[in-house]
Participant: 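First the structure, which I've put down as structure tokens, then a few questions once you've had a look.
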Amino acid sequence: MPQTGYWPQQYYTTSATTTNYIPVYQPIIQTGYTTGSTHSTDIWQQWVNTSNSTIIQQPYRPYQSTDQVWIQWNQTITPRYIAPTPLTAEQMQAQREANERYEMERQERRREQQAARTKARLLLGEFLNDEQKAELERLGRFHVTGSKGRRYCIRAEGQSGNVDLLKPDGSVQARLCCHPRRPPGDGYDLLPEGDAWLMQMIEIRHDEDHFLRTANVHRGSLPALV
Amino acid sequence: MTTLVAEANRVEEEEGGIIVILDQSGDTKHIWDRNSETEVEEARSLFNRMIKKGMQAWSVTRKGDKDQRITEFDPQAEKIIFAPALQGG
């Protein structure tokens with residue numbers, strides 16, 4: 001029964017809800033919990049002052065009026081839903097046009113990237129011999145002999161971690177990642193893959209030790225470099 | 001595109017050199033005539049600009065028997081490729 005001058009104290013369990021009513025100004029009864037203050041206002045103030053510090057595990061204590069503040073707060077604060085303002089016809093039209101512009105730019109960008117990839121593969125083809133070209137077409141990789149005679153396999157799988165240093169028996173000794181940096185300018189894209197493979201090949205056959213020193217090893221280990 | 005490459009190859013084989021700058025669009029080619037001082041100077045100017053941008057220059061051949069990194073313009077070079085420096089990934 002609600003009573004004037006009493007605060008409701010509800011206990012929630014999975015099976016039932018029990019409401020007790022306690023006097024608003026009831027002095028705090030403390031058991032196994034010591035503090036210098038006994039008034040609820042003092043305890044609340046103490047909680048506010050100490051809540052930013054490390055939480056200390058306290059022993060079990062019975063109900064205190066500070067709990068009531070938390071319960072009351074949860075019962076009185078209700079989230080409010082604010083419906084969005086409906087768009088006007090002009091705003092919807094502007095939104096449609098913006099979406100269409102974005103889609104056109106995206107498709108144009110995709111066409112440019114495809115053209116760049118094709119162009120890069122053509123340039124790479126100018127530097128590959130017939131055997132390398134056939135290997136690239138058929139198996140998606142090609143082999144390169146380095147300046148010191150080691151064999152490498154450049155796999156047509158992106159430009160990161162796509163170079164394998166081979167052992168004399170043809171097995172993989174190390175998987176390497178070494179690719180051109182982003183070109184200077186406003187763009188954020190790396191070079192097209194064909195260009196990256198070309199530069200990997202040129203660096204390997206010009207100075208493979210420098211290539212090995214620059215590369216990150218993703219798997220395996222490098223030979224001793226002089 | 002193929003026509004441009006074929007044209008570049010034809011000029012290169014006859015009496016020209018070619019600078020290939022690798023970029024996000026694939027590449028951009030600049031051809032110069034070794035017999036024209038104006039074109040050689042334009043190519044040299046372009047070469048120096050690209051070096052200032054931090055690009056690395058390679059004088060290369062198709063067979064790879066003359067690959068070398070260069071820092072000064074060589075009017076007699078067959079093909080010069082500009083590319084960003086490699087980095088470990």
Side-chain angles (χ1 to χ4, degrees), chain A residues 109 112-129 132 144-147 158-163 176-196 198-207 210-218, chain B residues 1-14 16-31 46-71 74 77-89:
Chain A
R109 180 82 185 121
E112 287 175 359
Q113 287 176 335
Q114 184 57 43
R117 278 196 290 270
T118 306
K119 204 172 175 182
R121 288 292 285 260
L122 283 171
L123 182 67
L124 174 66
E126 294 178 26
F127 289 86
L128 299 179
N129 59 35
Q132 289 170 321
V144 180
T145 302
S147 56
Q159 51 184 294
S160 297
N162 67 316
V163 180
L176 309 171
C177 184
C178 186
H179 57 81
R181 297 171 191 268
R182 184 175 61 81
D186 297 331
Y188 289 96
D189 293 338
L190 293 171
L191 291 178
E193 293 167 346
D195 285 346
L198 172 62
M199 293 318 299
Q200 287 169 339
M201 180 179 75
I202 289 176
E203 179 84 20
I204 286 171
R205 68 188 191 185
H206 169 71
D207 186 357
H210 181 261
F211 181 86
L212 291 174
R213 285 194 187 94
T214 306
N216 279 340
V217 181
H218 285 195
Chain B
M1 195 179 307
T2 307
T3 308
L4 178 63
V5 173
E7 174 67 12
N9 288 340
R10 186 188 64 76
V11 172
E12 176 193 350
E13 284 169 7
E14 291 177 359
I18 182 167
I19 290 178
V20 182
I21 302 170
L22 304 187
D23 52 30
Q24 282 99 342
S25 72
D27 61 77
T28 307
K29 291 184 172 70
H30 299 266
I31 302 165
L46 173 64
F47 183 97
N48 292 334
R49 284 203 306 275
M50 298 311 296
I51 290 289
K52 277 185 182 175
K53 280 187 178 181
M55 300 281 273
Q56 288 189 340
W58 295 83
S59 175
V60 296
T61 59
R62 185 180 179 282
K63 290 181 180 178
D65 51 351
K66 294 179 185 173
D67 289 352
Q68 60 175 346
R69 194 177 294 162
I70 56 175
T71 54
D74 176 11
E78 293 178 13
K79 185 173 284 187
I80 296 172
I81 292 186
F82 275 104
L86 294 179
Q87 64 177 0

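Order of the sequence lines fixes the chain letters, A, B, ..., with proteins taken first and strands second; residue numbering starts at 1 for each chain. Not measured: the values here are computed from a predicted model.
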Participant: Looking only at heavy atoms, which two atoms of Q24(B) and P192(A) are closest? And how far apart?
Facilitator: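 Residues Q24(B) and P192(A), closest heavy atoms: O-CG, 3.8 Å.
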
Participant: Which bit of S160(A) is near chain B, if near means a heavy-atom gap under 4.5 Å: side chain, backbone, both or neither?
Facilitator: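 Looking at S160(A), nothing touches chain B.
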
Participant: Is any side-chain heavy atom of H210(A) closer than 4.5 Å to one of R69(B)?
Facilitator: yes

Participant: For the candidates H218(A), Q113(A), H179(A), which exhibits the highest count of non-hydrogen atom pairs separated by less than 4.5 Å from chain B?
Facilitator: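 Ranked by heavy-atom pairs under 4.5 Å with chain B, first place is H179(A).
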
Participant: Out of curiosity, D27(B) CG to L122(A) CG, how far, rounded to the nearest 0.5 Å?
Facilitator: 9.0 Å

Participant: Top residue by heavy-atom pair count (under 4.5 Å) with chain B, among D207(A), D195(A), V217(A), L190(A)?
Facilitator: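 Sorted descending by pairs with chain B, the first entry is D195(A).
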
Participant: Looking at CG of L86(B) and CD1 of I202(A), how far apart are the two atoms once the value is rounded to the nearest 0.5 Å?
Facilitator: 10.0 Å

Participant: Decide yes or no for V20(B) and E126(A): does some side-chain heavy atom of the first lie under 4.5 Å from some side-chain heavy atom of the second?
Facilitator: no

Participant: Between E112(A) and S25(B), is any pair of side-chain heavy atoms under 4.5 Å apart?
Facilitator: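 No, their side chains stay 4.5 Å or more apart.
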
Participant: Do L22(B) and M199(A) have side chains that approach each other closer than 4.5 Å (heavy atoms only, starting at C-beta)?
Facilitator: yes

Participant: Within this structure, what is the CZ-CD distance for the pair R182(A) and Q87(B), rounded to the nearest 0.5 Å?
Facilitator: 10.0 Å

Participant: Is any side-chain heavy atom of F127(A) closer than 4.5 Å to one of I81(B)?
Facilitator: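 Yes; the side chains approach each other to less than 4.5 Å.
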
Participant: At a heavy-atom separation under 4.5 Å, does L176(A) approach chain B through its side chain, its backbone, both, or neither?
Facilitator: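 For L176(A), neither part sits under 4.5 Å from chain B.
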
Participant: Taking side chain as everything from C-beta outward and backbone as N, CA, C, O, which of these in E203(A) sits under 4.5 Å from a heavy atom of chain B? Side chain, backbone, both or neither.
Facilitator: both

Participant: I21(B) versus chain A, heavy atoms under 4.5 Å apart: side chain, backbone, both or neither?
Facilitator: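 Nothing of I21(B), per the 4.5 Å heavy-atom cut-off to chain A.
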
Participant: Could you tell me which non-hydrogen atom of P84(B) sits nearest to which non-hydrogen atom of P180(A), and how far apart they are?
Facilitator: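 For P84(B) versus P180(A), the nearest heavy atoms are O-CB, 3.9 Å.
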
